Amino acid sequence: MKKIKFKQVFLFICIGIFAFLSCSKDEEATVAPLGTATANLAINLTNSSFTANWTRVYRAEKYLLDVSTSASFSTFLPNYNALPVTGLTAVVSGLNQKTNYYYRVRAAKGTEISAYSNVITAETISTGPEPTTPLKEKATTFSVGVAVNSFNLTGLYDTTIRREFSSITAENEMKMLNIFTSSGTYNWAEVDKLLAYATANKLNVHGHALIWHSSIPEWLKNYSGTDAAFELEIQNYITAVVTHCKGKVKAWDVVNEAFNDGGGMRNTLFRQRMGADYVTKCFRWARAADPNVLLFYNDYNTSYDINKQNAVYTLVDVLKTNNVIDGVGIQMHINYDAPTRAQLTVDTNRIVEKGLKVHYSEVDVRANSNDGNILTTLTPERELAQKLKYKELVQVYNAIPALTKYAITMWGLKDDDSWLLSLYNRPEWPLLFDANFNIKKTHTGFLEGLD
C-alpha cells in the first residue's frame, strides 16, 4: 500500500476545514428572513377575556403581541404593547364586555423582528340584549329587502317585515315555474297576493326572476314547436309578466345565473333554442313591456371567481351598449370568512364604474364552511366572525356613490326558514333573526356597517 505523506494529510485537513467554514458562512448568508405570522380568529370569548392565537413561524423564538381598542393601534392596552409570548396563544383578560379589541403579532429571533401579522377583531361577549333599531330606519340611502313567501305574511312574519324592511322579493313565487302554466296561460294568485301586501304596506317589490334555467315548467322543457315558436313563447311570457306587474314592481332580475362557474355561458334551454344572444333579447322585451322598471342581471360567486366575473361584466357591457340594463345583482350566498373585503370591493366597483346600480341580492352568511369542521351549535367565536362579515358587507356597500345604491336583500327572514338547511343537510344560522324572530348579532353587524 502506498503511504500518504504527513504534508498531504495536513493539506487535506486544511482544505476540509476551509470548505466547512465557507459552506457555513454561505448557509448563514442565505437564511431566509423571519417569516410573518398569520393571526387567527380569537377563541374562548367571554365577557372579559379572549384567547389570541396565531400560526408558528419557522426559526421564531418568541412572538410580540399588540392589543388595542383601536384598529390603527394608536394606543395599546396596558402591558400589551409588544408583549413577548413564547407559545402560539395568549389569554387577553381584564376586558370590558361587548367591546371591540384588535390584535396583531410579530415573530422575533434575537434582534430580528418580522413584519406585523394581519389584524384580528375580537369582540367580548355581551350579557345584554342586542340593539333594536330597525334596519330600514338606519339605512336611509338604499332599500333593505327580504325574500318572502305569500303564505308567510301574517303574525310575527308580518310584524317583523313591516318593522325592519322597505322591500320584499318573492323567494319562488314570481319565477316562471310557478307562473307560466301553459302557452298563454298564467297563474297570478301568489303574485297578486304579494303585490297587494306590498302596496298595503308601502313596500318596494323586487321581481325575481323572469328567466332562470332552474325554473322552467315541464311543458316548456318538452316544447315540440320550432325554435322561432319557442322564442315567441318566451317573449310573450316576459311581456305578460312585466305588464301585469307594471307600476307595482320597482325592478326585475331579467336573467338569473346565465354563466357557469369558471366562466362561459351555461348551455341552457334558452341558449339552445334562442341563440347565444338570448339574454339581450330578454332584456329588450322587458324594457319594451315597461320602460320605467329597473332591469337587473343577477349571478353568484362573482367576487370569488375572476373568470366568471369577467364573463358577467362582458355581457353587462353588451346590455349597457343596448341601453337595456340598469343594475347588477351580486348574490351574497357567502361564508363567514369569505369573500375578503378586497374581493367584494373589486366586484362592486366594477358595477359602479359602469354607472349602474348595485344590488347585494340573496344575502345569507354561512356560519359553517366546507372545510369538514361542521358546527352543530353556533359558538361565540363563529357568531362574532359572522357578525363581522355582515358588518364588512354593509360597509363596502354603504361606501359606494348614492346614485349606484339600490338595495341589500336578505334571502329569508329567520334561520329556520333558510334554504341552506335542506341544501347542505346540516345546522346553519345564516340570517338576522333566530327561529323565534329574536334579533341576532348579525343584525347588529348590519347596523354597525351603516355607521
Side-chain angles (χ1 to χ4, degrees), residues 70-72 98 100 102 119 121 123 130-147 161 163-169 203-204 206 250-251 253 294 296-300 302-304 309 313 326-366 384-413 430-433 439-451:
S70 167
S72 64
K98 201 179 182 182
N100 282 338
Y102 305 87
V119 175
T121 305
E123 182 184 290
E130 298 298 318
T132 58
T133 304
L135 300 174
K136 69 179 183 181
E137 285 189 11
K138 196 168 183 179
T140 58
T141 58
F142 60 89
S143 295
V144 183
V146 62
I161 291 167
R163 183 186 71 232
E164 298 283 342
F165 299 98
S166 52
S167 175
I168 60 171
T169 298
L203 298 168
N204 292 328
H206 181 83
K250 183 174 182 177
D253 290 330
L294 299 174
F296 282 75
Y297 176 78
N298 192 56
D299 218 322
Y300 68 94
T302 54
S303 296
Y304 305 91
Q309 185 183 118
Y313 294 125
D326 299 291
V328 179
I330 305 176
Q331 291 184 26
M332 289 290 162
H333 298 300
I334 62 176
N335 289 346
Y336 72 92
D337 57 351
T340 65
R341 179 189 288 266
Q343 288 174 319
L344 185 54
T345 301
V346 167
D347 197 6
T348 303
N349 284 346
R350 291 189 72 171
I351 305 171
V352 171
E353 289 163 1
K354 298 177 190 302
L356 299 173
K357 293 187 181 297
V358 181
H359 184 198
Y360 281 3
S361 64
E362 306 186 32
V363 180
D364 45 38
V365 178
R366 295 187 293 278
L384 171 62
Q386 193 184 31
K387 171 192 170 180
L388 292 176
K389 183 55 69 175
Y390 265 103
K391 180 178 179 178
E392 179 179 88
L393 179 154
V394 176
Q395 283 177 329
V396 172
Y397 189 86
N398 204 35
I400 66 177
L403 289 176
T404 61
K405 291 178 182 177
Y406 170 68
I408 296 178
T409 299
M410 298 301 306
W411 207 240
L413 183 65
L431 300 170
L432 305 182
F433 300 88
I439 287 173
K440 296 169 51 190
K441 290 187 182 298
T442 48
H443 184 280
T444 304
F446 195 116
L447 290 175
E448 290 179 356
L450 295 167
D451 289 337

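Predicted model, so just to flag it, every value in this text is computed and none were measured. In what follows, every heavy atom counts, from backbone to side chain, and hydrogens, waters and symmetry copies are set aside.
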To the nearest 0.5 angstrom, please state how far the [atom1] atom of [X] sits from the [atom2] atom of [Y].
X      : Y      : atom1 : atom2 : value
His206 : Ile168 : NE2   : CD1   : 12.0 Å
Glu392 : Thr121 : CD    : OG1   : 9.5 Å
Asp326 : His359 : CG    : NE2   : 13.5 Å
Thr444 : Lys387 : OG1   : NZ    : 5.5 Å
Asn204 : Thr409 : CG    : OG1   : 10.0 Å
Leu388 : Thr442 : CG    : OG1   : 11.5 Å

Can a side-chain donor-acceptor contact be found between [Y] and [X] if the only test is distance below 3.5 angstrom?
X      : Y      : value
Lys138 : Thr133 : no
Thr302 : Tyr313 : no
Lys405 : Asn398 : yes

Report yes if some heavy atom in the side chain of [X] is under 4.5 Å from a heavy atom in the side chain of [Y]; otherwise report no.
X      : Y      : result
Ile400 : Ile351 : no
Ile408 : Val144 : no
Leu344 : Ile334 : no
Lys391 : Asp451 : no
Tyr297 : Asp253 : no
Leu432 : Glu164 : no
Tyr406 : Lys250 : yes

Do [X] side-chain atoms and [Y] backbone N/O form a donor-acceptor pair below 3.5 Å?
X      : Y      : result
Tyr397 : Gly449 : no
Thr404 : Val358 : no
His333 : Glu362 : yes
Gln386 : Val365 : yes
Ser70  : Ser72  : yes
Gln343 : Thr340 : yes

Where is the tightest heavy-atom contact between [X] and [Y], given as atom of each residue plus distance?
X      : Y      : answer
Leu431 : Lys440 : O-NZ, 2.9 Å
Leu384 : Glu123 : CD2-N, 3.1 Å
Leu450 : Ala139 : CD1-N, 3.8 Å
Thr348 : Val396 : OG1-CG1, 4.2 Å
Lys136 : Arg163 : CE-O, 3.4 Å
Tyr390 : Pro430 : OH-O, 2.6 Å

Quiz prompt | Stepwise side chain to side chain contact (heavy atoms under 4.5 Å, CB included) check, Leu447 with Leu135 | solution = CA-CA 7 Å; Leu447 290 175; Leu135 300 174; 3.9 Å; yes
Self-check item: Lys441 bridged to Glu130 by N-O distance under 4.0 Å
Solution: yes
Self-check item: Residues Glu353 and Arg350 bridged, charged N to O under 4.0 Å
Solution: no
Exercise. Please work out which of the three classes, parallel, tilted or perpendicular, describes the rings of Phe446 and Phe142, given edges at 30° and 60°.
Key: tilted
Practice problem: Carefully, step by step, assess Trp411 and Gln331 under the rule side chain to side chain contact (heavy atoms under 4.5 Å, CB included). | Solution: CA-CA 9 Å; Trp411 207 240; Gln331 291 184 26; over 6 Å; no
